[in-house]
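A, B, ... follow the sequence lines: proteins, then strands. Residue 1 opens every chain. None of the values given here were measured: they were computed from a predicted structure.
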Protein chains: 2
Amino acid sequence: MSERQEVTRARLLRATLEALGRHGVARTTSREIATAAGVNLQAITYHFGSKDALVAQALVDAVRKWIEPARTALTGIAGDPLGGLFATVAALRAALDEAHEHVPAYLEALATAARDEAVRAPIVAMLAELREALAASIRELRDAGLIASWVEPEPMAALIVAAGDGFVLHTTLDPDAHSPGATLDQVTRLLLAASMRDEPE
Amino acid sequence: MSERQEVTRARLLRATLEALGRHGVARTTSREIATAAGVNLQAITYHFGSKDALVAQALVDAVRKWIEPARTALTGIAGDPLGGLFATVAALRAALDEAHEHVPAYLEALATAARDEAVRAPIVAMLAELREALAASIRELRDAGLIASWVEPEPMAALIVAAGDGFVLHTTLDPDAHSPGATLDQVTRLLLAASMRDEPE
DNA sequence: GTCTATAACTAGATAGAC
DNA sequence: GTCTATCTAGTTATAGAC
């Protein structure tokens with residue numbers, strides 16, 4: 001594939017993502033995408049087969065931009081549980097701060113995924129990867145004796161990912177919904193509680 | 001407003017909600033809504049002013065169906081913290097089980113809310129009500145000495161609502177993402193940890 | 001109040017020149 | 001490979017009969 005083709009494809013994807021974030025799948029037209037990308041209308045059909053295929057790929061890309069930084073941050077924990085933990089938390093916070101601008105497109109992606117298998121499958125796979133990376137980190141922390149033995153890596157990872165997702169969605173829709181500092185404090189308390197050796201029965 | 005009018009409006013709203021859940025805002029047309037509702041195409045304009053206005057109202061209704069049962073369940077706690085707690089948990093579980101069928105429309109609503117103030121405002125208000133109801137319950141439980149004093153009602157309520165929301169969204173997209181029993185067990189453990197009197201410092 | 005018929009418009013896809 | 005010009009089909013909104 002020629003370099004010029006790659007450039008055109010990238011411009012189209014980028015323009016699509018921006019348009020989706022601005023006014024959603026429903027009101028994003030081929031003409032607007034092509035104009036914003038600075039390419040011809042026909043280029044969409046030529047490079048992606050159809051407008052729907054271009055939109056589907058752009059939506060999956062939107063989710064990737066959202067999930068990838070978080071997953072990358074988690075790998076910092078591997079091999080150095082305690083030291084990596086702080087770096088990971090810092091990286092996650094940075095990823096979250098940046099996440100809000102992608103949320104509208106992310107929501108479009110989720111809404112489309114609920115209906116369209118071609119969009120759903122790759123998104124579900126990415127979410128699964130994120131959960132697994134987090135579960136591995138939790139397991140390592142637990143084996144190092146840093147958190148309570150009753151913590152089960154997989155379910156706890158799923159719970160944390162879901163909570164983080166919901167938190168960002170709600171915060172984006174309503175900035176007043178959460179006080180970041182107060183929420184962080186409560187999460188920290190919960191983590192401390194989970195790090196106690198006591199086995200509640 | 002006549003009874004006949006009410007019936008037509010209700011049928012239109014119901015048909016719109018179903019169509020939105022099936023194939024999203026983007027591919028829901030006035031013709032399909034009118035046909036499914038068994039009314040005339042023109043009725044949309046007559047009763048709601050425009051297709052967009054009808055869709056907006058249907059989306060807000062979708063969120064209401066989602067949030068209302070959860071909020072109602074929480075009121076059971078008032079005045080009888082311990083006894084109400086079990087009833088509330090049972091009611092919440094029932095509400096969650098039923099929630100999955102509404103998720104596609106709920107996601108459409110969130111995606112639209114991210115862009116459209118007329119949809120966003122009522123949704124944000126409903127979410128805020130839900131958080132407040134939960135915060136009141138938490139406060140009551142805390143004052144009754146059933147949970148640790150370090151639990152702050154508002155931030156903890158916001159956290160729980162966000163987590164529950166994310167949990168249902170992820171579970172709907174990928175039924176294998178969470179093992180309900182295992183997740184519930186971890187939540188229970190966390191709650192038990194939060195109910196300890198120990199003040200972690 | 002509800003219908004039929006249609007107007008006015010915009011969409012995505014395509015044909016064919018270059 | 002990329003453009004211009006155009007086609008066909010679909011959309012919402014409206015006019016006017018009943």
Go through the steps for A:Met126 and A:Leu130 under the test side-chain contact (heavy atoms from CB on, under 4.5 Å), then give the verdict.
-> CA-CA 6 Å; A:Met126 284 189 275; A:Leu130 180 60; over 6 Å; no
Give a yes or no on whether a salt bridge exists between A:Glu108 and B:Arg115, defined as a side-chain N under 4.0 angstrom from a carboxylate O.
-> yes
Going by number, which of residues 18-25 of chain A have a non-hydrogen atom under 4.0 Å from DNA chain D?
-> none
Between A:Arg9 (CZ) and D:dG1 (P), how many Å, whole number?
-> 13 Å
Atom-to-atom span, CG of A:Leu12 to P of C:dG12 - whole angstrom = 13 Å
Starting from the C-alpha separation in whole Å, work towards a yes-or-no answer on side-chain contact (heavy atoms from CB on, under 4.5 Å) for A:Thr112 and A:Val55.
-> CA-CA 10 Å; A:Thr112 307; A:Val55 168; over 6 Å; no
Report yes if at least one side-chain N or O of A:Thr8 is closer than 4.0 Å to OP1 or OP2 of D:dT2; otherwise report no.
-> yes
Keeping the roles fixed (side chain from A:Arg14, backbone from A:Ala37), state whether a donor-acceptor pair exists under 3.5 Å.
-> no
Take atom CZ of A:Phe48 and atom C1' of D:dG1, then tell me their distance rounded to the nearest Å.
-> 15 Å
Send over the distance from A:Ile44 CD1 to C:dG12 P, rounded to a whole Å.
-> 8 Å
After noting the C-alpha distance and the side-chain angles of B:Val168 and B:Trp66, does the key distance pass the side-chain contact (heavy atoms from CB on, under 4.5 Å) rule?
-> CA-CA 11 Å; B:Val168 178; B:Trp66 162 271; 3.2 Å; yes
According to the side chain to side chain donor-acceptor pair (under 3.5 Å) rule, which pairs have a member within residues 35-61 of chain B, sequence neighbours left out?
-> A:Arg27-B:Asp52
Presence of A:His47 side-chain N/O under 4.0 Å of D:dT2 phosphate oxygens OP1/OP2 = yes
Indicate yes or no for a side-chain donor-acceptor contact from B:Gln186 to the backbone of A:Trp150 under 3.5 Å, with no hydrogens or angles considered.
-> yes
Length of the line joining B:Tyr46:OH and C:dT2:P, which is rounded to integer Å = 7 Å
Any sub-3.5 Å donor-acceptor pair from A:Arg189's side-chain atoms to B:Val151's backbone N or O?
-> no
Minimum-distance pair of heavy atoms, taken over all atoms of A:Ala73 and A:Ala91 = CB-CB, 3.4 Å
Close N or O pairs between protein and nucleotides 4-11 of chain D (under 3.5 Å):
from, atom 1, to, atom 2, distance (Å)
D:dT4, OP2, A:Asn40, ND2, 3.4

Rounded to whole Å, the CD-P distance (B:Glu6 to C:dT2) equals 11 Å
